[in-house]
Each structure stands twice: as structure tokens, then as C-alpha cells.
Amino acid sequence: MLPIDAAAHSSRWRRRHPVDKAVLGLGLTVLAISLPPWPGAALVLVTALAVLLGPAGVPGRRLWRAYRVPLGFCVTGALPLLVRVGGPDGFAGLADGGAVRAGELLLRTSAASLGVLLFAFTTPMSDLLPRLVRAGVPAPVVDVALVTYRMSFLLLDSVRRIRDAQAARLGHTTRAARWRSLAGLGATAFVRAFDRATRLQAGLAGRGYDGTLRVLVPEARVSVPFTAVSVALLGALAALTYVLERPLS
């Protein structure tokens, strides 16, 4: 199980309905995208961090381990705005206003990523996917997503076991050995994935699979007070943004 999935299963908000957490987490993401970068996205970023580390109870180290990957993409996407290519002043150079545009993009994307992580850190996929059928998503699509979700963990576990076995047999001592081990890892994981898929298909057929996977979903109801507080918080952020709005430059 990935760390973010383990955190979602042990979250304080695990028993809350996914709609409650979607209103707050995805609402913050929408605000980060739609509000002015300053101070809107900055307020969303601070609020998302406060909710994650406070009421949601996400450990700071675990949050950073999950956040640093999307943050790296955010920084990578903002850096090209700092330079220009071509023009009367030479082949390349610093872009006029590039720092401002890069800062605005970084604020938007980093704040939006925290909103998504708020939902991910509090909502296990096993609680979310089965409920999508009630929301109108076709059952076969949900079944494929459930099987893919489960098989991905089995595949990652197989890869880890193969790597451990290779390391125990000195398969990573030299560069040539590492390349041979990597090739063997890919081939073995490919074969095992097909073998697991075949066994899964045989198992489902032996249990009378009729096109729908029936799973138990924890009982939960949409909390009107929680949703109302979330909507009020989102509205307060939007109102505060337009009150404090100032040019970034």
C-alpha cells in the first residue's frame, strides 16, 4: 500500500462521506485556479495546509513526501516563464515580467495541488470508487478502475520482492549487473502481471461474475454541518481575496 493510501485509511476523516471531503478539498482546488493568484491562491495554500496539518491530522513528514512530487512539477512548469527566446535583444534572455508570471503560476498550481492532496489524504479509493456508480458512472468503468487499483498494488509488491531477491544475490553491485537486473525485473513483472490477470479472470468466472463487482461500502451520510462549514470557508476565502486584492508587481 502506498503511503498516501495508508494515511487515507487511518485518517481522522475516514468515516466521513466522500462528498463532505470533496466539497472542501476540490473546492479549494477550484478557488486556487479561479481566484487571482495574489492573494487568492496564497490564501488557499495557507488554508489547505492548516486543514491538512490541523483538523485532518496528516503528519507533516508524510505530507511533504507526497507534496514534493507535484511541487517539483509546479516549479518545472514555472521556470520557463522566466526566460524568453528570440527578439531584438538577442537569442535568449530574461523575460519582461517573467518573475511575476512564474510566481503567479507557482502559487496557483501549488495551492491547487494541496487541495487535491487534502481529498486524497482523507478519502481511500476503496470508499470512493464504489460510490461512483450511484453518481451515474457506468458500472463497468468503475469495475475496471477497482481492478486496476487493486492490481497496481500487487504489481508494486511483486516488483519490490523481485528487487529484494536481486539485491540479495548481488544483482546491484556493478553497472552491468544493475542493467541485467533491471531487464530481468521488467520481464518478470510483465509475466507475473499477465499471470495474475489470468488467475483473476478464472476466479471471477468461477464465482459467477455477471459484469458487476459487488463490494461492501462503509455506511456514511453526508454531514450537513460539515458541508455548510466548508462552503462558508470557501465563500470567506473568495470574499477576503476580493477585499485584499492587490497587483503582485
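Position 1 is the first residue of the sequence; numbering continues from there. Not measured: the values here are computed from a predicted model.
- Applying the salt bridge (charged side-chain N to carboxylate O under 4.0 Å, His left out) test to pairs two or more places apart or on separate chains, those with a residue in residues 9-21 are Arg14-Asp127.
- Screening residues 175-195 for ring-ring contact (aromatic ring centres under 6.0 Å, His included) gives Phe190-Phe194 as the qualifying pairs, with residues at least two apart or on separate chains.
- Contacts of Phe119 classified as ring pair (Phe, Tyr, Trp, His ring centres under 6.0 Å), with partners at least two apart in sequence or in another chain: none.
- By the side chain to side chain donor-acceptor pair (under 3.5 Å) test, Ser181 is found to be paired with no residue, residues two or more places apart in sequence or in another chain being considered.
- Applying the salt bridge (charged side-chain N to carboxylate O under 4.0 Å, His left out) test to Asp195 and every residue at least two apart in sequence or in another chain returns Arg199.
- Checking side-chain atoms of Ser11 against main-chain N and O of Ala7 turns up no donor-acceptor pair under 3.5 Å.
- Contacts of Arg65 classified as salt bridge (charged side-chain N to carboxylate O under 4.0 Å, His left out), with partners at least two apart in sequence or in another chain: none.
- Counting heavy atoms from C-beta on, the side chains of Leu31 and Leu43 never come closer than 4.5 Å.
- Members clustered with Leu105: Leu81, by chain and number, using a 4.5 Å side-chain heavy-atom cutoff among hydrophobic residues.
- Arg161 meets the salt bridge (charged side-chain N to carboxylate O under 4.0 Å, His left out) test with Asp157; sequence neighbours excluded.
- Atoms OG1 and NE2, from Thr123 and His17 in turn, are 10.5 Å apart once rounded to the nearest 0.5 Å.
- For Phe73, there are no ring pair (Phe, Tyr, Trp, His ring centres under 6.0 Å) partners at least two apart in sequence or on another chain.
- Of the listed residues (Val100, Leu106, Leu107), just one forms a side-chain contact (heavy atoms from CB on, under 4.5 Å) with Glu104, and that residue is Val100.
- Under the 4.5 angstrom side-chain criterion for Ile, Leu, Val, Met, Phe, Trp and Tyr, Val191 has no cluster partners at all.
- Under the salt bridge (charged side-chain N to carboxylate O under 4.0 Å, His left out) criterion, the residue pairs touching residues 164-177 are Arg160-Asp164, with sequence neighbours excluded.
- Within the structure, side-chain hydrogen bond (donor to acceptor under 3.5 Å, both in side chains) pairs that include any residue of residues 107-121 do not occur (at least two apart or interchain).
- Two residues are said to be in side-chain contact when any heavy atoms from C-beta on lie closer than 4.5 Å; Trp64 and Leu71 meet this criterion.
- Arg178 contributes atom CZ, which lies 8.0 Å from atom OG1 of Thr173 (distance to the nearest 0.5 angstrom).
- Taking CH2 of Trp13 as the start and OG of Ser223 as the end, the distance is 11.0 Å to the nearest 0.5 Å.
- Counting only heavy atoms from C-beta outward, the side chains of Leu49 and Leu63 approach each other to under 4.5 Å.
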